[in-house]
Amino acid sequence: MRLSHYFMPTLREVPAEADVVSHILLLRGGFVRQLAAGVYSHLPLAQRALLRIRQIIREEMNRIGGQEFHLPAIHPAEIWQATGRWEVMGDNMFRLKDRWGRDMCLGMTHEEVFTSIARNELRSYRQLPQIWYQIQTKFRDEPRPKSGLLRVREFTMKDSYSFDVDWDGLDKSYRLHYDAYCRIYARCGLDYFAVEAHSGSMGGSQSHEFMVRSDAGEDLVVRCPGCGYAANLEKAASRIAPVTDTDPAGPEPVRVATPGQKTIEEITQFLGVPAQNQIKTLVYVVDSKPTLILMRGDHQLNEAKLEALTGTALLRPATADEIVAAMGADAGSLGPVGVKNLPILADEALRGRRNMTTGANATDFHIQGVTPDVHFSAAYHDLRTVVDGDRCPACDSALGVFKSIEVGHIFKLGTKYSDALGASVLNRDGQSVPIVMGSYGIGEERILSAAVEQCHDDKGIIFPATIAPFDVIIVPVSMEDSRLVETADRFYEELRAAGLEVLYDDRPERPGVKFNDADLVGIPVRITLGTKKLAQGLAEVTVRREARAVDCPVDEVTGRVTAALAALRAEIEARLSDIRPLQ
RNA sequence: CGGGACAUAGCGCAGCCUGGUCAGCGCGCCUGCCUUGGGCGCAGGAGGUCGCAGGUUCAAAUCCUGCUGUCCCGACCA
């Protein structure tokens, strides 16, 4: 492309609405423009990068036997009502009516549609397994779109679905996807990792998220530097140092007045009891029933774990009034002793402890000398939120906690959707069995954004060679010098003939403008043509990442550029050999 | 949904408190000259219903009310 007539509206200044680096650079580089909150137009540069990402995804999906479909974005309400998700999705679903008043929606995901095809068409285990996928626009009316393309209301997803006759088959399809996803991210040049994930409202038994470390991300993940254990904070487990307790002063807890002392910190100060010797008592409303949650004083409840344990997303902290009604005391003086009519869930960290301090269920009183399983009984579960520095459950190394961008998510769905929609096949024994399903998603724009987050410097984007919108940019420092222009023209023809995507900056701009734009949009290789060097028969080749110009005889430029790109690609491809299959 | 902020030319902003030569600046854009290795210089020029709708006033970008949009924090998030 000749840049003089290419639509690449770069901006010198940072638009006010952007504050994460990928958003800033994609706006400044002329990749995207915003149409509404969480709704973006992809301009030609973004479209080129996204098409390259898409091609990688297609190749890897086809490699595992995936068959590409294209499903409707507009769905009738019925299939969503059949799985219960017409209600579950709530305000996140874009809804509309057709001219006859029939309820429709814009597709947020396509379990329902693919499963309905499977229901209508698949009859026999002999037809399985199947892996079906599509690359299509998804619509989700996010409560708070943010961070440029990272959380949006309309985006492009590769979603695939596996259909197997049994769970062993699903395990295999899941592993195929896990491997394909690793290859996709590696080939896109991302430094990614997979984490064990919480399945959320998708249901299902096992789930992994694919993450790219970035402070612009919204997910907190836990990772072990020692053994590679990695999990979403919502699911992560850890070991903690044991606590040695002293014996209580007497067999029964002692009640003490604690006027105005509510928080763990206040009690620590007032009674001189360390937080780890206190029991934090929370009241949650779980499926509209009050439930007592007990944590060690210095630990935080992990709501996702509570959700997974109770099997419902319908949970929330009780209100102040609900707490008084259930416990007879204000929050700040709550405890488990004497509680008979509420379920009590305790974190594992309280098991075996003695001589703890907690609320007395009388406002402004606490009790000391409380021993779990003696003075109250509870069901123990892992409910604690891992914190940075906790020990790895597998190898005891110190765990790190950091933010990441979720670039993909895979789920073992099981039979949730096939049961709901009646998708079944006859097995080998002639019995009708529900199809066992998996569902697998990748957000294309998130890959683009994550790549920009991960690959940039103070001048702009440094695209991985495999997903860059162009391979090489030719920059003659002047369009007035006919020798420069002739040589640039010649490079343009030769490089295109060599199969490269070439951007030719033939604008009558000053060199600084051209260099800055080339750096900003992140094209991996630049050829610079200047008068003095050309008089010696030389041009310069600069790899964007290295920012160091190398002189090159004019006749060797095409070969040099081709070799530089091949080296960049080879470096990325080499990472494929690091992929470890899912255990 | 709770909290906070913003909305003036394509982009970034000032002006608003204290109403009246306040429609202004920088960048970008157009024309000409000049310059040509990291966003050059000079001269001239185009471009804005000051988010929308009401209200107060002789007079509103400026004060008041309502609405809409956008961003940030939190909640939420297959």
Side-chain angles (χ1 to χ4, degrees), chain A residues 9-20 23-24 27-28 30 33-40 80 83-85 88-93 107-112 138-148 150-153 155 157 159 161 197-204 207 209 217-219 232 234 303-304 307 313-317 406 408-411 413 416-417 438-443 458-460 475-481 484-485 505 507-520 526-534 538-540 542 547 549 551:
Chain A
T10 56
L11 302 173
R12 189 180 292 200
E13 295 185 88
V14 179
E17 74 265 19
D19 67 348
V20 307
H23 192 197
I24 290 170
L27 283 171
R28 285 196 55 215
R33 289 294 184 263
Q34 185 178 35
L35 183 62
V39 181
Y40 285 83
W80 288 85
T83 60
R85 295 209 291 182
V88 170
M89 292 306 187
D91 288 339
N92 268 24
M93 178 180 269
M108 307 176 68
T109 175
H110 283 73
E111 280 78 10
E112 279 79 359
K138 299 287 189 273
F139 299 90
R140 296 178 189 184
D141 196 357
E142 293 287 343
R144 186 150 97 81
K146 56 184 273 203
S147 307
L150 287 174
R151 179 155 297 275
V152 290
R153 298 194 294 173
F155 61 99
M157 178 186 267
D159 49 322
Y161 305 85
H198 176 64
S199 324
S201 65
M202 289 290 289
S207 169
E209 289 166 323
E218 299 181 80
D219 285 271
N232 195 302
E234 293 180 337
E303 284 197 15
E307 193 177 307
L314 296 174
L315 53 84
R316 59 175 174 81
E406 177 192 348
H409 201 160
I410 61 179
F411 301 87
L413 294 176
K416 176 175 170 175
Y417 296 91
S439 133
Y440 316 86
I442 291 181
D458 55 347
K459 293 176 178 167
V475 180
V477 297
S478 167
M479 294 304 288
E480 301 296 309
D481 183 331
L484 291 185
V485 174
D505 195 347
R507 296 175 300 175
E509 292 287 351
R510 295 179 58 81
V513 174
K514 296 186 178 191
F515 295 150
N516 283 317
D517 275 347
D519 289 344
L520 176 60
R526 185 178 93 202
I527 302 168
T528 312
L529 277 164
T531 312
K532 287 176 196 155
K533 290 273 175 68
L534 185 59
L538 298 173
E540 288 169 12
T542 311
D551 289 341

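Chain letters run A, B, ... following the sequence lines, proteins first, then strands; residues in each count from 1.
For the residue pair A:Thr10 and A:Arg12, no side-chain donor N or O sits within less than 3.5 Å of a side-chain acceptor on the partner. Side-chain polar atoms of A:Ser478 and A:Glu480 form no donor-acceptor pair below 3.5 angstrom.
Checked by distance alone, A:Arg28 brings no side-chain donor or acceptor within 3.5 Å of a matching partner on the base of B:G10. Remark: the A:Glu540 side chain and the B:G37 base include a donor-acceptor N/O pair separated by less than 3.5 Å. Between the base of B:G26 and the side chain of A:Glu13 there is a donor-acceptor pair shorter than 3.5 Å.
Nucleotides B:G10 and B:G66 place their C1' atoms 31 Å apart, quoted to the nearest Å.
Which of B:U70, B:G28, B:G37 sits closest to the side chain of A:Lys533 comes down to B:G37. The side chain of A:Arg510 approaches B:U35 more closely than any other nucleotide in the set B:G12, B:G37, B:U35.
One finds no side-chain N or O of A:Gln34 lying less than 4.0 angstrom from the OP1 or OP2 phosphate oxygen of B:G69. Contact check, A:Arg12 against B:G28: a side-chain N or O comes under 4.0 Å of OP1 or OP2. For A:Arg144 and B:C73, the shortest distance from a side-chain N or O to OP1 or OP2 is below 4.0 Å.
Pair assignment for B:C27: B:G10, on the basis of Watson-Crick or G-U wobble contacts that are both within less than 3.5 Å.
Take the nearest nucleotide of RNA chain B for A:Met108 and for A:Lys459: the residue whose nucleotide is more 5' is A:Lys459.
Within a 6.0 Å radius of CG in A:Asp551, more than 12 heavy atoms belonging to other residues, nucleotides or ligands are found.
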